[in-house]
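Please read the structure below before turning to the comments.
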Number of protein chains: 2
Amino acid sequence: MTDQRRADTRDRLIDSAIETLRTHGIAGTSARTIAATGGVNQALIFYHFGGMEALLAEACRRTTERRVALYRDRFATVRSLRELLAAGREIHAAEKASGNVAVLAQLLAAGQTDVALGKVTADALALWVVEIEAVLTRLLRGSPLGDAVDAGGLSRAVSAAFVGMELYEGVDAEGGLAALDALDQLGVLVEVVEELGPLARRAVRGRVRRAAGGS
Amino acid sequence: MTDQRRADTRDRLIDSAIETLRTHGIAGTSARTIAATGGVNQALIFYHFGGMEALLAEACRRTTERRVALYRDRFATVRSLRELLAAGREIHAAEKASGNVAVLAQLLAAGQTDVALGKVTADALALWVVEIEAVLTRLLRGSPLGDAVDAGGLSRAVSAAFVGMELYEGVDAEGGLAALDALDQLGVLVEVVEELGPLARRAVRGRVRRAAGGS
DNA sequence: GTCTATAGTAGGATAGAC
DNA sequence: GTCTATCCTACTATAGAC
């Protein structure tokens, strides 16, 4: 705690960048504001990273890696789609509080028009996707839904929706809560299909065949 | 076409702001870049709007109002949740091409740390929510799902996810496609529950009661 | 590795001529 | 309403002392 206070300057800058993105957004993040946040000289950003882009990229990578690793064990305990939904809401609450998905959202917005940042944020999202996909693949094996739904695609949809929810909550907290509750309610639907067991499996299989042939 | 070319300068600035947000993102949008996009003098932004914030707010309002109105008739033709999913994908494709949800996403990112823009983007999202909620309310009346799912909350979740998908596609087009396909596949699940009819309705009702009492 | 100082550019905003 | 010119601030980035 005594000499960790001024850690490595490099590390401090990365953490300061994360903190600045969280509190000031991408539009309010600059070499000067980041340096001020960390109490570090502004010129050191260019000494250690060569430019803003590399620092932001590193910040994106670090914050996402840390967070995803944090939830790996939690994901492993999940035994049903319903439990996954509950875990998702837990994680959402934790991320909301720590503000790390908010950082990813800011960089993702910037990545829309900056190819380098776009690549970096895509990689960061991929870290989430990999974890979610692993859980989904495991869970869908035992479910009637497994015949119909692609775990890779679904995990990408979930990750994207996760970011969207974070942004939405940031401007309408009340509405965000209602949205999360609705997703919980949709979990009921999943449960029903799962508990219907073989009957649902047959119905789903039939539907899939018809959908595949029909269009 | 002859004198609409230089429309009202005020209107031109709004359209230029939209275009600039789309192509340069919020970080690359300034009074100077907007003015350059529209071939308008930079000082006129402050004459007509008093400042950047008011211009961006107006741009947000206008682009969203236009787009939502465009889809009102399309929404009215939707007769089932499955059709709604298809309509959603259509609209997503159109918005992707025209880039208007991209503008909303940029402003939403900025709205996370700017209270004024936050209010504006919340209002813009509410325009989408109102339309989707109307359709959902109508459709859920005749569905077993109507007993379990809140149309207001679900329409908010859908709107948030819509924005998230747009951002995700912007950095990973291939992954975005897979995600959209997975959502289509989830539609199968909805169909199954809907076509199970009275049986599903009874199962859903039982589940809702248990969920309400259980937690 | 860290500091000060500074170059050079781009930002929001205003004054005043037309 | 529109233009030029300008103020002042903030930005990225570098040079050079320590």
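Reminder, nothing fancy here: chain letters follow the sequence lines and each chain counts from 1.
Residues satisfying the side chain to side chain donor-acceptor pair (under 3.5 Å) test with Arg10(A), not counting sequence neighbours, are none. Applying the salt bridge (Lys or Arg N to Asp or Glu O under 4.0 Å) criterion to Arg62(A), with sequence neighbours excluded, gives Asp11(A), Asp15(A). For Glu166(A), the side chain to side chain contact (heavy atoms under 4.5 Å, CB included) criterion is met by His92(A), Lys96(A), Val101(A), Ala102(A), not counting sequence neighbours. Listed by chain and number, the residues in a side chain to side chain donor-acceptor pair (under 3.5 Å) with Thr63(B) are Asn100(B) (sequence neighbours excluded). The side chain to side chain contact (heavy atoms under 4.5 Å, CB included) test applied to Val135(B) returns Phe75(B), Val78(B), Leu84(B), Arg138(B), Leu139(B), not counting sequence neighbours. Under the side chain to side chain contact (heavy atoms under 4.5 Å, CB included) criterion, Asp123(B) pairs with Lys119(B), not counting sequence neighbours.
Rounding to the nearest 0.5 Å places OH of Tyr168(B) at 15.0 Å from CZ of Phe162(A). To the nearest 0.5 Å, atom OG of residue Ser159(A) and atom CG of residue Leu127(A) are 10.0 Å apart. Put simply, CZ on Arg89(A) and CG on Leu85(A) are 9.0 Å apart, with the number rounded to the nearest 0.5 Å. A distance of 7.5 Å separates CG in Leu70(A) from CD in Glu95(A), rounded to the nearest 0.5 Å.
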Check step by step if side chain to side chain contact (heavy atoms under 4.5 Å, CB included) holds for Leu167(A) and Thr121(B). CA-CA 10 Å; Leu167(A) 286 172; Thr121(B) 50; over 6 Å; no
Criterion side chain to side chain contact (heavy atoms under 4.5 Å, CB included) on Tyr47(A) and Thr9(A), from CA distance to verdict: CA-CA 11 Å; Tyr47(A) 173 76; Thr9(A) 298; over 6 Å; no
Decide yes or no on side chain to side chain contact (heavy atoms under 4.5 Å, CB included) for Cys60(A) and Val103(A), but give the supporting numbers first. CA-CA 7 Å; Cys60(A) 182; Val103(A) 170; over 6 Å; no
Let's go through Leu21(B) and Ile26(B) carefully: what are the C-alpha distance in whole Å and the side-chain angles of both, what is the deciding distance for side chain to side chain contact (heavy atoms under 4.5 Å, CB included) to 0.1 Å, and is it a yes or a no? CA-CA 6 Å; Leu21(B) 281 168; Ile26(B) 186 69; 3.9 Å; yes
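At a non-hydrogen distance threshold of 4.0 Å, nothing from residues 104-113 of chain A comes into contact with DNA chain D. Taking every heavy atom of residues 14-39 of chain B and every atom of DNA chain D, no pair lies under 4.0 Å. Contacts between residues 49-63 of chain A and DNA chain C, defined by a heavy-atom separation under 4.0 Å, are absent.
The footprint of chain A on DNA chain D, defined by a heavy-atom cutoff below 4.0 Å, extends from dC11(D) to dT14(D).
Atom CD in Gln42(A) sits about 15 Å away from atom P in dA7(C), given to the nearest Å.
Axis orientation changes by 0° from one end of the helix from dG1(C)-dC18(D) to dC18(C)-dG1(D) to the other, with each end axis drawn from 5 pairs and the value rounded to 10°.
Sorted by first then second residue, the salt bridge (charged side-chain N to carboxylate O under 4.0 Å, His left out) pairs that include residues 51-60 of chain A, not counting sequence neighbours, are Glu58(A)-Arg61(A).
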